[in-house]
Amino acid sequence: MELKITCIPGDGIGPEIVGEARKVLDAVAAKYGHVIHYTDILMGGASIDACGVPLTEEAIATAKSADAVLMGSIGGDTSTSPWYKLPPNLRPEAGLLAIRKALNLFANLRPAVLYDELTGACPLKEEIAAAGFDMMIMRELTGGLYFGERRTTESDGVKTAVDTLVYNENEIRRIAVKGFEIARKRRGKVTSVDKANVLDSSRLWRQVVEEVAGDYPEVTLEHMLVDNCAMQLVKDPAQFDVILTENMFGDILSDEASMVTGSIGMLASASLNDTKFGLYEPSHGSAPDIAGKDIANPIATVLSAAMMLRYSFDLDTEADAIEQAVKQVLKEGYRTSDIMSEGCTPVGCRQMGDLLAERI
Ligand code: IPM
Ligand code: MG
């Protein structure tokens, strides 16, 4: 099969981790007889430095012409980088929001899994960690507070800032359908998270999710308020299968879920539209403090590449091979510094990529 992949190395550790993911993808291509065509585009700070804007129209067009996009990370140190002296719409993150919108990537999938080999890194009580967990956070990605109207005004010397949280029923329905479709292939449970005791947008969310649930009798639906969900994630994460939620709640809960795995450097993500096209990126940021030191953990990006093979190319065997390679390397005791524990073998970013590629 021929795979057209656009890569966004981005900023900070982005170029290093994308490099290692490509190494692993190349090993997959060699073993299973595929041909991969890569094209790089700039986004975030790298694009600001080269083109003056965080994402150009040409970059969007290149991304659209591919089958899938593999991204590293974007952004810099918000207190020291000159990128953060620019107006908000010209900062690195604006590029990421713009590509999500331009490619209509409304469904963000963020799996949070506690690997057996890494239970020692889980910050939860031993009996909770022992139960393990494997959840999929489905975050709506192109609506809500992130894309509603916003403004800051000043009247009589008093500044007022407004952000609006808007959802129409179609936006809710399409992400709900994705959530139920994914749940039926997993353990058949959807927890829809909202703040329906306060927000109108949440009451509409709940109503539409109920309607969609009617088409999936084999999937169990429960509703949970977002504050309770934040609590349940540390109290009993094993109860969750698919968490379905709006943009801002999903942003916050997915960071929390990743932290309870003890290793944000392990967590992949996929952002999908209505077609097979998707953008795949690690859930973590650009970690400018460790950039260029060959110590970043490339596993989240490698696992994002596996999600790409699974969701955009239907190459399940190849995706399984990558996930198996990750488990194997962990079982053999190799660790980057973020997941290091006693008795294990420390490795850098490049060596981790080599080990994974060898095990494909
Ligand atoms: C994420 C990030 C982004 C978001 C930022 C960088 C704009 O935190 O992907 O979760 O808030 O969506
Ligand atoms: Mg976030």
Side-chain angles (χ1 to χ4, degrees), residues 8-14 17-18 42-48 53-55 60 63 69-81 83-84 86-112 135-148 150 163-167 171 175 193 226 229-230 233 243-261 263-273 278-289 291 296 300-301 303-304 307-308:
I8 306 178
D11 308 318
I13 57 172
I17 55 183
V18 168
L42 297 175
M43 194 169 92
S47 177
I48 296 173
V53 289
L55 184 69
I60 293 175
V69 177
L70 180 67
M71 183 187 142
S73 50
I74 52 117
D77 185 326
T78 48
S79 45
T80 57
S81 162
W83 299 328
Y84 296 92
L86 296 166
N89 63 329
L90 290 177
R91 293 181 193 169
E93 286 72 11
L96 181 57
L97 299 189
I99 202 166
R100 286 175 180 169
K101 198 68 174 178
L103 303 176
N104 195 27
L105 304 171
F106 64 86
N108 184 215
L109 281 60
R110 297 189 164 181
M135 70 184 92
M136 178 70 88
I137 301 194
M138 301 270 318
R139 168 189 176 194
E140 199 291 327
L141 203 61
T142 53
L145 275 172
Y146 277 65
F147 293 94
R150 69 178 102 254
D163 296 283
T164 34
L165 202 179
V166 196
Y167 273 108
E171 292 171 312
I175 181 81
V193 175
V226 62
C229 183
L233 276 172
I243 291 181
L244 173 66
T245 193
E246 65 93 45
N247 204 343
M248 181 74 151
F249 297 160
D251 178 44
I252 298 167
L253 294 176
S254 62
D255 262 28
E256 188 189 357
S258 70
M259 206 51 235
V260 299
T261 70
S263 45
I264 193 165
M266 298 287 301
L267 296 177
S269 89
S271 302
L272 308 175
N273 62 22
L279 181 147
Y280 301 84
E281 58 169 319
S283 289
H284 60 71
S286 60
D289 51 323
T301 317
L303 290 171
S304 301
M307 287 184 92
M308 176 174 76

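Whatever order the structure lists them in is the order used to number ligands and atoms, beginning at 1.
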Student: Evaluate the criterion side-chain hydrogen bond (donor to acceptor under 3.5 Å, both in side chains) for residue pair Tyr146 and Glu246; output intermediate values, then yes/no.
Tutor: CA-CA 10 Å; Tyr146 277 65; Glu246 65 93 45; over 6 Å; no
Student: Within Asp251, is some N, O or S atom less than 2.8 Å away from the Mg ion (ligand 2)?
Tutor: yes
Student: Would you mind telling me which of Ile137, Ile243, Leu253, Leu267 makes a side-chain contact (heavy atoms from CB on, under 4.5 Å) with Arg110?
Tutor: Ile137
Student: Do Asp289 and Asp77 have side chains that approach each other closer than 4.5 Å (heavy atoms only, starting at C-beta)?
Tutor: no
Student: To the closest 0.5 Å, what do you measure between CG (Leu70) and CD1 (Ile17)?
Tutor: 9.0 Å
Student: Locate the shortest heavy-atom distance separating Val69 from Ala63; write the atom from each residue and the value.
Tutor: CG2-CB, 3.9 Å
Student: Please name all residues satisfying side-chain hydrogen bond (donor to acceptor under 3.5 Å, both in side chains) with Ser271, sequence neighbours left out, ordered by chain then number.
Tutor: Asn108
Student: Please tabulate, one line per pair, the protein nitrogen or oxygen atoms found under 3.5 angstrom from a nitrogen or oxygen of ligand 1, with distances to 0.1 Å, or say none if there are no such pairs.
Tutor:
{"residue": "ligand 1", "atom": "8 (O)", "partner": "Asp251", "partner atom": "OD1", "Å": "3.3"}
{"residue": "ligand 1", "atom": "9 (O)", "partner": "Arg100", "partner atom": "NH2", "Å": "2.8"}
{"residue": "ligand 1", "atom": "9 (O)", "partner": "Arg110", "partner atom": "NH2", "Å": "2.8"}
{"residue": "ligand 1", "atom": "10 (O)", "partner": "Arg110", "partner atom": "NH1", "Å": "3.0"}
{"residue": "ligand 1", "atom": "10 (O)", "partner": "Arg110", "partner atom": "NH2", "Å": "3.1"}
{"residue": "ligand 1", "atom": "10 (O)", "partner": "Arg139", "partner atom": "NH1", "Å": "3.2"}
{"residue": "ligand 1", "atom": "10 (O)", "partner": "Asp251", "partner atom": "OD1", "Å": "2.9"}
{"residue": "ligand 1", "atom": "11 (O)", "partner": "Tyr146", "partner atom": "OH", "Å": "2.6"}
{"residue": "ligand 1", "atom": "11 (O)", "partner": "Asp251", "partner atom": "OD1", "Å": "3.4"}
{"residue": "ligand 1", "atom": "12 (O)", "partner": "Arg100", "partner atom": "NH1", "Å": "2.8"}
{"residue": "ligand 1", "atom": "12 (O)", "partner": "Arg139", "partner atom": "NH1", "Å": "3.3"}
{"residue": "ligand 1", "atom": "12 (O)", "partner": "Arg139", "partner atom": "NH2", "Å": "2.9"}

